[in-house]
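Shown next, in structure tokens, is the structure this report addresses.
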Amino acid sequence: MTAPTALRVAGKRAFVTGAAGGLGAATGRMLARHGASVFLTDVDETAVRVVADDINHEHGRQVAWSVAQDVRDEERWKTLLAEAASAMGGLSVLVNNAGVGSLGTTEQIELTEWRRVMAVNVESILLGCKYALPYLRANQPASIINISSLAAFKVDPDYTAYNTSKAAVAMLSKSVAIDCARQKIDVRCNSVHPAFIRTGIVAPFFAALGEEEATRKLVRGIPLRRLGEPDDVAYAVLYLASDESRYVTAAEMLVDGGACAV
Ligand SMILES: NC(=O)c1ccc[n+]([C@@H]2O[C@H](COP(=O)([O-])OP(=O)(O)OC[C@H]3O[C@@H](n4cnc5c(N)ncnc54)[C@H](O)[C@@H]3O)[C@@H](O)[C@H]2O)c1
């Protein structure tokens with residue numbers, strides 16, 4: 001990582017879900033490095049605390065907080081958003097990043113699994129947006145960033161529920177963006193669509209196929225011929241969280257090495 005040349009989100013106060021590892025942790029670190037306070041949550045309380053401790057150590061003062069959150073829990077959203085606003089002195093960025101993968105074709109998938117995927121990947125984003133909006137409205141300009149996937153646009157064979165959930169995230173994000181625009185509030189909402197990044201969510205695929213074969217398969221459809229890095233996504237989130245993107249709302253930002261174009 002090169003040292004940042006400017007504090008692009010100085011003074012922003014961000015809530016990031018699924019921040020115990022992978023893209024959420026990279027996003028938390030990136031936003032903090034560029035001057036934001038970050039409130040990090042995850043079901044894995046121990047791991048998310050390590051990320052927050054690391055960030056605070058790097059900065060020599062408290063800029064990160066961590067708490068346990070299951071994003072499916074509606075009441076917990078209300079409690080934690082209030083806690084985050086109180087700890088950081090407001091809330092101006094929400095990154096809905098927590099998500100789960102799910103293997104299964106249309107005929108294989110059980111309804112309980114379908115509902116689990118929809119609850120974590122889609123419903124949680126509705127809850128986050130719904131209950132964060134009063135705080136974001138009070139801290140304009142504000143930004144919501146929802147982590148979707150390339151799978152919103154290109155079918156990932158064997159992943160019926162995941163594909164569907166990520167497509168729903170794109171349209172949910174646009175709906176939130178237009179709601180805000182119609183209210184004439186400066187709260188933007190966009191979705192980010194990564195291709196394959198080496199994180200926990202793709203670990204089962206690597207475990208099943210082995211390093212070489214898994215990489216070969218994943219890279220096959222990517223014009224840039226490599227997997228993405230967590231920071232590739234974190235930089236996209238940084239841009240969308242910052243006021244540099246003040247005219248960008250209801251957009252689908254691909255971070256996919258060109259995969260969607262072929
Ligand atoms: N890695 C990729 O290739 C890739 C590609 C496209 C999109 N994404 C999306 O990026 C996001 C982040 O995933 P990642 O790649 O960092 O994987 P990851 O598995 O490392 O991170 C996901 C995090 O979400 C947390 N989580 C799972 N269920 C939760 C719940 N109910 N409540 C709160 N937290 C929960 C997990 O504990 C984990 O820390 C996901 O939404 C994923 O769908 C990832």
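Every heavy atom of this structure was used, including side-chain atoms; hydrogens, water molecules and symmetry mates were not. First listed ligand is number 1; within each ligand, the first listed atom is number 1.
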* Working for side-chain hydrogen bond (donor to acceptor under 3.5 Å, both in side chains), residues Asp156 and Asn163 -> CA-CA 7 Å; Asp156 204 340; Asn163 297 337; over 6 Å; no
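Protein residues having at least one heavy atom under 4.0 Å from any atom of ligand 1 are Gly18, Ala20, Gly22, Leu23, Asp42, Val43, Gln69, Asp70, Val71, Arg72, Asn97, Ala98, Gly99, Val100, Val120, Ile147, Ser148, Ser149, Tyr162, Lys166, Pro194, Ala195, Phe196, Ile197, Thr199, Gly200, Ile201, Val202, listed by chain and number.
Note that the CZ atom of Arg198 and the CD atom of Glu229 stand 11.0 Å from one another [nearest 0.5 Å].
For Arg29 and Asp54, the salt-bridge test passes: some basic side-chain N is under 4.0 Å from an acidic carboxylate O.
Partners of Glu75 under the side chain to side chain contact (heavy atoms under 4.5 Å, CB included) rule, at least two apart in sequence or in another chain, are Asp73, Lys78.
Residue Met171 places its CE atom among 12 or fewer non-hydrogen atoms of other residues, nucleotides or ligands, all under 6.0 Å distant.
Judged by the 6.0 Å and 45° rule, Arg13 forms no cation-pi pair with Phe39.
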